[in-house]
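Scroll down for the structure; my scribbles are underneath it.
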Amino acid sequence: MDPSKRKTGGALLGDRIRMNAINNNRVFLRSMATRESNLSLARYVRETVNAFKISGFDLIILETSGIGQSDTAVVDHSDMCLYVMTPEYGAPSQLEKIDMLEYADIIAINKFDKRGGMDALRDVKKQFQRNHRLFDQPYENMPVYGTIASQFNDAGVNVFYTALIAKLNEKLGTGFCCTGSSAYEMSERIYIIPPQRVRYLAEISETVRSYNNWAQQQADVAQQLYAANLSLSMLNEDDTSGKETLKAKIKELEEKLDGVSKKLLDSWEQKVKAYKDEYYSYKVRDKEIKIKTHTKTLSHLDIPKISLPKYKAWGDILKWNLKENVPGEFPYVAGVFPFKREGEDPTRMFAGEGGPERTNKRFHYLSKGMPAKRLSTAFDSVTLYGNDPGMRPDIYGKIGNSGVSICCLDDAKKLYSGFNLSDPATSVSMTINGPASIMVGYFMNTAIDQQCELYIKEHGLEKEVNDKIEAIYREKGTQRPAYQGELPEGNNGLGLMLLGVTGDQVLPADVYQKIKECTLATVRGTVQADILKEDQGQNTCIFSTDFSLKLMGDVQEYFINSNVRNFYSVSISGYHIAEAGANPISQLAFTLANGFTYVEYYLSRGMDIDKFAPNLSFFFSNGIDIEFSVIGRVARGIWSKAMKNKYKGNSRSQQLKYHIQTSGRSLHAQEIGFNDIRTTLQALYAIYDNCNSLHTNAYDEAITTPTEESVRRAMAIQMIINHELGLAKNQNPMQGSFIIEELTELVEEAVLAEFDRISERGGVLGAMETAYQRSKIQDESLYYEHLKHTGELPIMGVNTFLSSDGSPTVIQGEVIRSTEQEKQYQINMLEQLHKTHADKAHVLLAELKKTALNNKNIFEQLMEVSKFCSIGQITQALYEVGGQYRRNM
């Protein structure tokens, strides 16, 4: 029951927002407005309740709009009364004014984690005792319960529910049974970030500012020291007094100069020489890499790949080393590696459409002739929300559209068939968040089974293994999955031999275990998995936020225990925050803040910073705004300073590695040919800023899934920059630019100021409770759209520089969509999977839920469950123990 507004007569029927959370056909919800102001019930409540009685419902819950302290009209319509309140009622004397405390049979104090919750519980119990004249009973036994309804599986809610069922049975003679425990447990907030660590962002701001101030002070000391030494050398031999004075000053200044600063100054000439030599050598994980330091132009000039400043004064040299430095050295502002990887372009081939076979064909097309296979996977919305393909209308139409349909291990095997996932030259990125841990399970098992297949071929076991597989399917009486259609050029069939089974079903246990260990240690890739930015910007949240974070932590913990070193457990993503409307600074600030939140959470679980920080990666959008030119520099600088000086992480932990995708939001359906120009400029920002990998958008993405022709053009953009553009042969072209240095300082301080604002709201999770990030993103999006609409922000071909026909939207001739055949195959294949593994699935899913309830590592169990169960089966099982996502309203 929702109140009608006195002035307008309208009513916010809030429960209708929650109707999509009712997925049980035994429950019916009807939301009604009072239609009269200052009333808590509608005129037709009695008739409505009678209609439900006639319909045969076992229990009817009537919720009043609850206006005023004295409105008890609901009592006349109820056999039993429950009153829900919060601790924020004011002074204890205010309780005397609440009539419902006299009529209520049971009371819930919700939001029990708020300040004063325990005091409220005591005071309300005493008030209940007085109102009901129960002085012969201890006030502690009064039916008043503290609850935190926003927290899934809250102990207080469970106890309250048990008491409510008991009270119904006692008062009304109902026979409702409750399977929950009746043991009393206090409702207690389960903290992701411990309360004593809630200031972590403010501390990071302090750390970064402190380092910057220290660097400037050290540079000033070095400059004075240089000036004093220079002055000393210019004095006449007989100026004994002046020399003594200067020597004393030099000694005083030297004592103020830090050991790190002295080392940097002492090694400067050696560093300059190292970059002038023909070759530069450095080590990555004990492997020595030798790089040629210069490239030769058509005019026969030798151009350095890394340019160093020509400074002479010690202060300038020290300041540059402390605040900029060469790529590969702290604070990593210019890049995390000394030189860019050679023989491999930092390109990611993004694809996903139809069934796994169609996307597999696109992957092979995109990577044809490329020495390194860097695949980036887009999933359809059915998969992104953890659902199985099916005939339900809202699911059927989305199968394989705007992403690939992957619902089980066999789909993943077909998707990546022909690519050796354990090859150092192969790396896979998966853009999935809510069910990310499930998809990682499919991926890891795919990689393991590929190596099992290679072992089988190497030892000539093909016939023996095939006989075992055929026997399994004869016994089950089901159809074995198969790759649909012919293999594309470049696909050698790797990964398809074990379709329908896993390596441990056909190989000895010890052999399989050894292959599994080796594979996990070598497989390369990234899964997005960033649930914080989903809540803030993109919306593919499926589990409750706390449970999603638990899953992320379990994956990282498993990676540490299993020596998974080359696969990033999360890609902390600003791209979707930017696409939702955030400006460049908000994108960067929110993304880094989310990253530090994961750091704090993983540390609170007892993980070693140097074991997990190298497995974190970042993902940014690049638009055309000037701030995007320094987004990587600022991110690397803030991350490295915080990691080194606050978290005491080693050099690998200090290195922020990130992927850039050119801005999809900046692409327009009008004059789509202009989009390539925008993408080129954005790619130039990214390459000059030394990104670790790059995806360039296709010009037709504003309208449809990119065609092969447009993808080739998009790839050509970064290939031309990397291989044809002369200045791109230099790998630190932006260092030394006055505007770049000033922008770096401006953007860094703006990010730190945003950290302070988020910290004031209780950190990232506290700010999310009041939708701070989401609201700010929406405000910035509206501001951008307003400027675009008025023309204050000129966009060629959209609001200015229009063609003679007004630059209308171009309708593409080819709009890519999944076919009916692909959809039907996915549904039929899934039915066969469920039949084949019906006996195992039930047991495995029950074990999965038990693991979650006992707070053990869920991903460890998922590695087994994902071999036999579909994504929908796993998601539904986890809903029961982890809760479904509900946005704060």
_Ion pair check, Arg761 and Glu769, cut-off under 4.0 Å_ = no
_Assess whether a salt bridge exists between Asp779 and Arg774, defined as any Lys/Arg side-chain N lying under 4.0 Å from an Asp/Glu carboxylate O._
no
*Quick one: does Tyr332's side chain have a donor or acceptor within less than 3.5 Å of a partner on Ser640's backbone?*
no
*Decide, yes or no, whether a salt bridge links Glu754 with Arg757 under the criterion of side-chain N to carboxylate O below 4.0 Å.*
yes
*For Lys111, does the NZ atom have more than 12 heavy-atom neighbours from other residues, nucleotides or ligands under 6.0 Å away?*
no
*Is Arg358 salt-bridged to Glu822, going by a charged N under 4.0 Å from an acidic O?*
yes
_Tell me whether Lys533 forms a cation-pi arrangement with Phe590, defined as NZ or CZ under 6.0 Å from the six-membered ring centre and within 45 degrees of its axis._
no
*asked:* Please identify which of these residues, Gln670, His668, Glu671, meets the side chain to side chain donor-acceptor pair (under 3.5 Å) condition with Ser807.
replied: Glu671
*Looking at Asp535, Thr540, Asn539, which one forms a side chain to side chain donor-acceptor pair (under 3.5 Å) with Tyr885?*
Asp535
*Do the side chains of Leu667 and Thr679 get nearer than 4.5 Å, heavy atoms only?*
yes
*Hey, what's the ring geometry for Phe543 with Phe547, parallel, tilted or perpendicular (30° and 60° as the breaks)?*
perpendicular
*Could Arg636 and Asp689 be called an ion pair, given the rule that one side-chain N must be under 4.0 Å from one carboxylate O?*
yes
*Specify the closest pair of heavy atoms between Ser710 and Tyr699, including all atoms of both residues, with the distance to one decimal.*
CB-CE2, 3.5 Å
*Check whether more than 12 heavy atoms from other residues, nucleotides or ligands sit under 6.0 Å from atom NE2 of His789, and answer yes or no.*
no
*Angle class for the Phe619/His659 ring planes (parallel below 30°, perpendicular above 60°, tilted otherwise)?*
tilted
_Exam field: side chain Asn594 to backbone Leu532, donor-acceptor pair closer than 3.5 Å_ = no
*Would Lys788 and Glu785 pass as an ion pair if we require N to O under 4.0 Å?*
yes
*Would you say the side-chain atoms of Gln661 and Asn697 include a donor-acceptor pair closer than 3.5 Å?*
yes
*Arg712 atom CZ, over 12 foreign heavy atoms within 6.0 Å*: no
